[in-house]
Amino acid sequence: MSTEYDNFVGGEWLPSDDGETFTVRNPAATDEIVSRYQRSTEEDVDAAVAAAAAAQPDWAAMPGPERGAILRRTGELLAERKQSLVTTLTTEEGKTTAEATPEVQRAIDIFHYYAEKARDFDGTVKAASGRDKTLHTRKEPMGVAALVTPWNYPIAIPAWKLAPALATGNAVVIKPASEAPSLVRAIVDCLDEAGLPAGVVNFLTGSGSEIGGPLVSHDDVDVVSFTGSTRVGTTVYEQSVADGKRAQCEMGGKNPAVVLPSADIDEAVEVVGAGAFGVTGQACTATSRAIVHEEVYEEFVAGIVDHAQEITVGDGLDGADMGPQVSESELDGTLQYINIAQDEGARLAAGGSRLDEGDHADGHYVEPTVFADVETGMRIAQEEVFGPVLAVIPVSDFDEAVSVANDSEYGLSASVLTDSLSEAERFSRQIETGVVKVNEKTTGLELHVPFGGVKQSSTNTYREQGDAGLEFFTTTKTIYTNF
Ligand code: NDP
């Protein structure tokens, strides 16, 4: 029997307005129902936003260090529950234990980081242009924040939205992805236990297409932060800004890794392989295009094919290198792109098949897949697959490599593999992305520096993480005093 979980509204765990629920399944064993959650309605959205709006002024009035103490305690409680959170993450989303462990740790670290920020984040004092006058600024919370999060980093992404929103005195309504809501429930549980006043955080589950619109366009919501697909994010942005809300949407990617002749090719294979097949390719920053100089092309393709073929695929709890895709529909999407690439004339060099026999019979498994001889105009080189599929594109020089890397509607993360300082520096200046890595994989982010994309990867309104996260959730008031 799976456990049924409630929404959290106004400090109480409550069923949805009409009592409907939905199930969450284990992607490694699809017969296994992990949990049941509330299928919320617009009435639930209204109640959650009302609770947030009522609680927000008192929360904002609480001194920053006191808010920070609650966030710190939340981080401690998450740390105490770390092992069980790792297991939940794996059984709900499919990441391996080795991948889920640092993600949970990251959420813990984010709460500790913003706990300290709550103490020292505020305005500045400036010289006034007159005697007996002062001039200073104060950072004030935006008000009620609506947070909509995806399933692929089901604890890290919610943490990097929740912690800065709360640290700066906002109240929150958060709606996690329906594929993996349990980690957000766990954070909310810890916040509650840590002493967060009732109504400051509200947790609603349910279909994004049913309650997402009403939430992000609600009259009493002031600020919206979304991470997910470009298709949904674009709509969320339009709905949010229509009546003047501040909004930030982080969306898809088609991230390139450029391999140049001076690179150590064995190392390049490791870096690109980790970026392409880590977390089953289900990262917005996953490497999905390897753009390789012709001088090292054959050596790189041979290496990356070996790398892909050595990866063990299986249940993330059983020590496999790569887990399943999160759902049947995500797996179908990947298999469709594998067919499309073959129809387009790309050369299937490794993988390409669903795994559905023996130990794989009950999960959403696919082989790590490499396509070689890909051309930049092909759909496999342009569209986000969101599975473990790498397109390898040959190029003849540095300028062509940059041009192919920039030939994308997305612009999230990019990497260059080179031993040349000049190439590294020129690449970092010429690439059209929000994140650039030199001799590092496109995935993996530090929590205290800005993160976000350009082009279709982001609304490019505000960055997330670090101080940028605090800026997004606050507005600046300028105070002129003549005393
Ligand atoms: P989706 O866009 O499908 O869903 C994201 C969230 O939006 C979910 O909570 C979903 O709810 C909700 N939602 C769905 N429809 C609507 C709607 N009409 N209005 C408001 N909310 C809605 O993305 P995925 O969860 O599939 O996540 C994968 C995507 O996220 C990939 O494209 C990936 O690149 C991107 N991503 C981007 C990152 C970045 O920082 N740039 C980081 C991580 C992922 P429900 O689950 O109920 O459908």
Side-chain angles (χ1 to χ4, degrees), residues 22-24 27 37-40 42 45 92-93 95 103 106 146-161 173-181 183-184 203-218 221 224-240 247-255 279-288 325-327 329-334 383-387 408-413 433-435 442-445 450-465 468-469:
F22 65 94
T23 55
V24 179
Y37 277 89
Q38 303 303 310
R39 185 169 171 170
S40 305
E42 279 195 52
V45 171
E92 238 181 46
E93 195 268 349
K95 278 196 181 82
E103 185 182 338
R106 183 188 179 87
L147 312 180
V148 180
T149 56
W151 48 262
N152 68 326
Y153 283 94
I155 188 162
I157 291 176
W160 82 50
K161 294 183 192 295
V173 179
I174 184 163
K175 194 214 90 67
S178 300
E179 302 288 2
L183 284 305
V184 177
F203 163 78
L204 289 185
T205 51
S207 160
S209 59
E210 291 170 13
I211 59 166
L215 174 59
V216 301
S217 60
H218 198 289
V221 164
V224 173
S225 181
F226 166 94
T227 298
S229 62
T230 299
R231 183 184 62 79
V232 175
T234 305
T235 309
V236 163
Y237 187 69
E238 284 163 6
Q239 287 175 317
S240 317
Q248 158 199 72
C249 299
E250 293 302 330
M251 305 176 282
K254 190 72 191 171
N255 311 291
V279 298
T280 320
Q282 300 178 130
C284 52
T285 49
T287 308
S288 54
Q325 292 219 241
V326 72
S327 65
S329 67
E330 289 295 328
L331 175 64
D332 281 350
T334 300
E383 297 174 21
E384 185 180 49
V385 176
F386 225 58
S408 172
E409 65 184 22
Y410 295 109
L412 192 54
S413 181
T433 55
V435 175
T442 53
T443 50
L445 304 165
F451 171 59
V454 298
K455 299 179 173 173
Q456 297 295 311
S457 291
S458 172
T459 48
N460 210 355
T461 38
Y462 284 80
R463 292 292 187 240
E464 295 196 89
Q465 310 204 69

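Just follow the structure's listing: the first ligand is 1, and inside any ligand the first atom is 1.
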So is [X] close enough to ligand 1, meaning a heavy atom under 4.0 angstrom away?
X      : answer
Pro176 : yes
Ala283 : no
Thr235 : no
Tyr153 : no
Thr227 : yes

Between [X] and [Y], is any pair of side-chain heavy atoms under 4.5 Å apart?
X      : Y      : answer
Pro176 : Thr205 : yes
Gln456 : Ser408 : no
Asn152 : Val279 : no
Tyr153 : Trp160 : no
Glu464 : Ile157 : no
Glu93  : Glu179 : no
Thr285 : Val435 : no
Pro158 : Ile174 : yes

For ligand 1, which atoms, with element, lie under 4.0 Å from some heavy atom of [X]?
X      : result
Ser178 : 45 (P), 46 (O), 47 (O)
Gly212 : 19 (N), 20 (C), 21 (N)
Asn152 : 43 (C), 44 (C)
Val148 : 6 (C), 7 (O), 9 (O), 12 (C), 21 (N)
Val236 : 19 (N), 20 (C)
Gly206 : 47 (O)
Leu412 : 41 (N)
Phe451 : 40 (O)

Which protein heavy atom lies closest to [atom], and at what distance to 0.1 Å?
atom                    : value
atom 28 (C) of ligand 1 : Phe386 CE2, 3.5 Å
atom 37 (C) of ligand 1 : Met251 O, 2.9 Å
atom 11 (O) of ligand 1 : Lys175 NZ, 3.1 Å
atom 39 (C) of ligand 1 : Cys284 SG, 3.3 Å
atom 17 (C) of ligand 1 : Gly208 O, 3.3 Å

Is it the case that ligand 1 has an N or O less than 3.5 angstrom from some N or O of [X]?
X      : result
Ser207 : no
Ser229 : yes
Trp160 : no
Ile157 : no

- Query: Run the side-chain contact (heavy atoms from CB on, under 4.5 Å) check on Thr230 and Glu384 step by step: do they pass?
  - Reply: CA-CA 10 Å; Thr230 299; Glu384 185 180 49; 5.6 Å; no
- Task: Identify the two heavy atoms, one from Val24 and one from Pro181, that lie closest to each other, and give their separation to 0.1 Å.
- Result: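 Residues Val24 and Pro181, closest heavy atoms: CG2-CD, 3.8 Å.
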- For Ser457 against Gly453, the heavy-atom pair lying closest together: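 For Ser457 and Gly453, the tightest heavy-atom pair comes out as CB-CA, 4.2 Å.
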- Task: Apply the test side-chain contact (heavy atoms from CB on, under 4.5 Å) to residues Tyr237 and Met251: give CA-CA distance (whole Å), side-chain angles for both, the deciding distance (0.1 Å), then the verdict.
- Result: CA-CA 11 Å; Tyr237 187 69; Met251 305 176 282; over 6 Å; no
Counting heavy atoms only, which of [options] is nearest [atom]?
atom                    : options                : result
atom 24 (P) of ligand 1 : Trp151, Phe226, Tyr37  : Trp151
atom 6 (C) of ligand 1  : Leu147, Val232, Thr149 : Thr149
atom 30 (O) of ligand 1 : Ser40, Pro150, Gly228  : Gly228

- Exercise check, heavy-atom protein proximity under 4.0 Å to atom 4 (O) of ligand 1: no
- Message: At under 4.0 Å between heavy atoms, is it the side chain or the backbone of Thr230 that contacts ligand 1, or both, or neither?
- Response: neither
- Item | Per-residue contact class, Glu384 against ligand 1 - non-hydrogen pairs under 4.0 Å |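 The part of Glu384 near ligand 1 is the side chain, not the backbone.
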- Message: Regarding Ser458 and Glu250, do their side chains bring together a donor and an acceptor under 3.5 Å, going by distance alone?
- Response: yes
- Item | Side-chain H-bond candidate by donor/acceptor type, Ser40 with Lys175, under 3.5 Å | no
- Item | Test log, rule side-chain contact (heavy atoms from CB on, under 4.5 Å), inputs Phe226 and Thr459 | CA-CA 10 Å; Phe226 166 94; Thr459 48; over 6 Å; no
- Query: More than 12 foreign heavy atoms under 6.0 Å from CZ of Arg39: is that the case here?
  - Reply: no
